[in-house]
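Values below: all heavy atoms of this structure, side chains included; hydrogens, waters and symmetry mates excluded.
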Amino acid sequence: MSCDYEALAARGVQGLQPYQPGKPVDELARELGLDPARIVKLASNENPLGPSDRVTAAVEKALPEVTRYPDGAAYTLRQTLAERLNVTPEMLTFGNGSNDVLELVARAFAEPGAEIVYSEHAFAVYPIVTQAIGADHVKVPAVNWGHDLDAMAAAITERTRVVFVANPNNPTGTVVEKDAVYRFLQRVPENVIVVLDEAYCEYLQGPQYADGVQWLSEFPNLVVSRTFSKAWGLAGLRMGYGISSPEIADVINRVRQPFNANALAQAAATAVLDDQAYIDRAIEVNRAGLEQLAGGFDRLGLDYIPSAANFIALDTGRDANEVNDALLREGVIVRPVGAYGMPRHLRVSVGLEHENRRCLEALEKVLG
């Protein structure tokens with residue numbers, strides 16, 4: 001091959017590495033000859049409960065129409081979600097997961113020469129999309145593994161177009177409390193878009209935690225992004241959404257691909273919003289799982305970052321890739337996070353009680 005196709009790529013794309021998701025169960029079984037039924041996957045922050053019965057019924061009902069394009073406006077889901085959030089339908093933008101929404105915001109408001117501000121150890125999509133569109137990175141050092149909002153506000157310049165704030169943050173599980181988020185929003189100029197990434201917000205319990213939707217009327221430059229992939233149990237269907245002023249939503253929709261929210265995902269998301277018992281159980285299982293994992297790490301003498309999400313970042317005390325490889329041989333899939341500047345850490349998602357126990361037993365064996 002005589003042509004260098006990488007050299008033909010956009011300048012920002014040339015240096016990118018593809019996003020590496022958690023290893024699928026079937027792939028590990030093939031590679032190591034393991035029984036898939038014995039493999040525990042705690043790598044991708046998924047809901048371990050399986051889908052809501054209402055989701056299963058809604059998807060089955062929608063199946064006969066999969067030969068047709070979905071509703072590009074997601075009318076039924078839009079109306080249902082707007083009522084639940086107490087916002088107008090025009091304030092919602094739907095995406096193929098919240099990743100899609102994050103990228104749409106960056107593409108709509110930033111360009112080469114502009115700056116995008118985000119925190120050290122923050123979600124991988126922020127630097128990926130920044131580089132892909134040719135914008136300039138402004139990565140602000142973290143404090144205690146979490147966002148330093150004062151430093152992030154100070155990092156904003158006249159070239160800043162977007163600021164990403166993950167709350168809780170992935171992969172550290174750290175959270176910024178409500179008053180600090182509010183003070184930060186007050187400091188950001190109105191011509192800078194603030195994306196408050198609340199993918200794990202359902203797990204936050206208590207009045208000290210921020211709910212970005214309450215501030216949309218006061219801060220017209222605010223976009224709140226959320227997802228059905230985590231607590232709502234729809235990771236495989238990919239449904240996320242943004243909440244913003246109608247004016248910002250209008251701009252975002254200009255770069256949104258048509259039919260990016262598929263019909264089955266729309267049906268499932270609409271159905272699960274009406275299943276409060278399911279989300280309550282998911283929150284409780286997660287609370288108990290966090291306690292189980294943290295207690296196990298304590299017994300093993302391992303450090304970890306206290307988490308407000310559905311995962312814990314564990315400090316292995318050594319090269320985490322080596323520990324991860326050993327865990328894979330035990331049939332336990334977790335997530336190394338060296339790409340986030342955390343070479344000794346593994347991110348362990350919360351599973352069911354027996355899955356968490358298997359992980360802890362494997363860790364004890366691997367770490368001696």
Next on the checklist: Within the supplied structure, the quantity of interest is the number of heavy atoms (other residues, nucleotides, ligands) at a distance under 6.0 Å from E83 CD; does it exceed 12?
Outcome noted: no

Item to check | With sequence neighbours excluded, residues passing salt bridge (Lys or Arg N to Asp or Glu O under 4.0 Å) with E322 | outcome: none

Checklist entry - Does any non-hydrogen side-chain atom of K178 lie less than 4.5 Å from one of Q214? => result yes

Checklist entry - Are R347 and F311 in a cation-pi contact, defined as NZ or CZ under 6.0 Å from the six-membered ring centre and within 45° of the axis? => result yes

Checklist entry - How does the hydrophobic cluster around I333 look, that is, which other residues are in it when side-chain heavy atoms under 4.5 Å mark a link? => result V25, L28, L32, L34, I39, L328

Next on the checklist: salt bridge (charged side-chain N to carboxylate O under 4.0 Å, His left out) for K365 and E361? Distances and angles first, verdict last.
Outcome noted: CA-CA 6 Å; K365 179 178 179 180; E361 290 170 352; over 6 Å; no

Item to check | Audit row: V162, Y126, side chain to side chain contact (heavy atoms under 4.5 Å, CB included) steps and yes/no | outcome: CA-CA 10 Å; V162 178; Y126 310 156; over 6 Å; no

Item to check | From CD1 (I243) to OG1 (T93), nearest 0.5 Å | outcome: 9.5 Å

Next on the checklist: With a 4.5 Å cut-off on side-chain heavy atoms, are L102 and S225 touching?
Outcome noted: yes

Item to check | D71 and T76, any side-chain heavy atoms less than 4.5 Å apart | outcome: no

Checklist entry - Distance from F297 atom CZ to I312 atom CD1, nearest 0.5 Å? => result 5.0 Å

Item to check | Nearest heavy atoms of R344 and D315, plus distance in Å | outcome: NH2-OD2, 2.7 Å

Checklist entry - Does the T172 side chain pair with the main chain of W145, one donor and one acceptor, at a distance under 3.5 Å? => result yes

Next on the checklist: With a 3.5 Å distance limit and no angle check, can you tell me whether H345 reaches the backbone of A320 through a side-chain donor-acceptor pair?
Outcome noted: no

Item to check | Sequence-distant partners of L367, side chain to side chain contact (heavy atoms under 4.5 Å, CB included), two or more places apart | outcome: L302, R318, V323, L363

Checklist entry - Mind checking whether Y241 and F94 have parallel, tilted or perpendicular rings, split at 30° and 60°? => result tilted

Checklist entry - Under the side chain to side chain contact (heavy atoms under 4.5 Å, CB included) test, which residues partner P336, sequence neighbours left out? => result N321, N324, L346

Next on the checklist: Which residues pass the side chain to side chain contact (heavy atoms under 4.5 Å, CB included) test with A326, not counting sequence neighbours?
Outcome noted: R329, V366

Item to check | Same cluster (ILVMFWY, side-chain, under 4.5 Å), V55 and I283 | outcome: yes

Next on the checklist: Tell me whether E120 contacts the main-chain N or O of P141 through its side chain, where contact means a donor paired with an acceptor under 3.5 Å.
Outcome noted: no

Checklist entry - Quick one: do V165 and V117 end up in the same hydrophobic cluster if we chain Ile, Leu, Val, Met, Phe, Trp and Tyr together by side-chain heavy atoms under 4.5 Å apart? => result yes

Checklist entry - Where is the tightest heavy-atom contact between R256 and N253, given as atom of each residue plus distance? => result NE-OD1, 2.6 Å

Checklist entry - Does any pair with a residue in residues 46-55 pass side-chain hydrogen bond (donor to acceptor under 3.5 Å, both in side chains), and if so which ones, sequence neighbours excluded? => result K41-E46, N47-Y278, S52-D275, R54-D274

Checklist entry - Can V192 be reached from M152 by stepping across I, L, V, M, F, W or Y side chains whose heavy atoms are under 4.5 Å apart? => result yes

Next on the checklist: Quick one: does any side-chain atom of N144 pair with a main-chain N or O of G146 as donor and acceptor, under 3.5 Å?
Outcome noted: no

Checklist outcome for this item: dist N260:CG -> N96:CG (nearest 0.5 Å) comes out at 6.5 Å

Checklist outcome for this item: Besides V175, the hydrophobic cluster formed by Ile, Leu, Val, Met, Phe, Trp and Tyr side chains linked at under 4.5 Å, directly or via other members, contains L204, Y209

Item to check | 4.5 Å side-chain heavy-atom contact, V176 and F184 | outcome: no

Checklist entry - What's the verdict on side chain to side chain contact (heavy atoms under 4.5 Å, CB included) for R183 and L149, showing C-alpha distance, side-chain angles and the deciding distance? => result CA-CA 9 Å; R183 290 194 300 270; L149 292 186; over 6 Å; no

Checklist entry - Does P36 offer a backbone N or O that forms a donor-acceptor pair with the side chain of D26 under 3.5 Å? => result no

Next on the checklist: Applying ring-ring contact (aromatic ring centres under 6.0 Å, His included) to Y182 and F219, what does each step give before you reach the verdict?
Outcome noted: CA-CA 10 Å; Y182 183 75; F219 300 103; 5.6 Å; yes

Checklist entry - Where do V285 and P48 come nearest, in terms of heavy atoms and distance? => result CG1-CG, 4.4 Å

Item to check | Sidechain N-carboxylate O distance under 4.0 Å for R187, D150 | outcome: yes

Next on the checklist: So if I apply the side chain to side chain contact (heavy atoms under 4.5 Å, CB included) rule between L327 and each of V334, L42, T316, V348, which one comes out positive?
Outcome noted: V334

Checklist entry - Under 6.0 Å from the CD atom of E190, do we count more than 12 heavy atoms belonging to anything else shown? => result no

Next on the checklist: Per the salt bridge (Lys or Arg N to Asp or Glu O under 4.0 Å) rule, what does the pair list look like for residues 203-227, sequence neighbours excluded?
Outcome noted: E198-R226, D211-R226

Item to check | E177 side chain reached by D179 side chain, heavy atoms, under 4.5 Å | outcome: no

Next on the checklist: So, taking the atom named CD in E90 and the one named CD in E247, what distance separates them when rounded to the nearest 0.5 Å?
Outcome noted: 10.5 Å

Checklist entry - Is there side-chain contact between M239 and L237, with heavy atoms separated by less than 4.5 Å? => result no

Next on the checklist: Given 3.5 Å as the limit, does a donor-acceptor pair link the side chain of N310 with the main chain of V350, or not?
Outcome noted: no

Next on the checklist: Can you pull out every side-chain hydrogen bond (donor to acceptor under 3.5 Å, both in side chains) where at least one residue sits in residues 131-140? Sequence neighbours excluded, please.
Outcome noted: Y118-H137, D136-R159

Item to check | Pairs meeting criterion side-chain hydrogen bond (donor to acceptor under 3.5 Å, both in side chains) with involvement of residues 228-238, two or more places apart | outcome: E202-W232, T227-S229, S229-R238

Checklist outcome for this item: Shortest non-hydrogen pair, A231 vs Y203, comes out as CA-OH, 3.2 Å

Item to check | Cluster overlap Y75 with V87, hydrophobic side-chain contacts below 4.5 Å | outcome: no

Checklist entry - Got a sec, which pairs hit salt bridge (Lys or Arg N to Asp or Glu O under 4.0 Å) with one end in residues 287-299, sequence neighbours left out? => result E284-R287, R287-E291

Checklist entry - So which heavy atom on A110 is nearest to which on I116, and how close? => result CB-CD1, 3.9 Å

Item to check | Non-neighbouring partners of R254 that pass salt bridge (Lys or Arg N to Asp or Glu O under 4.0 Å), sequence neighbours left out | outcome: D250

Checklist entry - Hey, is CG on N191 packed in by over 12 heavy atoms from elsewhere, all under 6.0 Å? => result yes

Checklist entry - Are L185 and L196 close enough that some pair of their side-chain heavy atoms sits under 4.5 Å apart? => result no

Checklist entry - Hey, what do you get for CD1 (I252) to OG (S244), rounding to the nearest 0.5 Å? => result 4.5 Å

Item to check | Validation row: N99, F123 side chains within 4.5 angstrom (heavy atoms) | outcome: yes

Next on the checklist: I'd like to know whether Y200 forms a side chain to side chain contact (heavy atoms under 4.5 Å, CB included) with N45, so could you lay out the CA-CA distance, the side-chain angles of the two residues, the decisive distance to 0.1 Å, and finally the verdict.
Outcome noted: CA-CA 10 Å; Y200 302 91; N45 305 342; 2.8 Å; yes

Checklist outcome for this item: Closest heavy-atom pair, L92 versus A82, reported as atoms and distance to 0.1 Å, is CD1-N, 3.8 Å

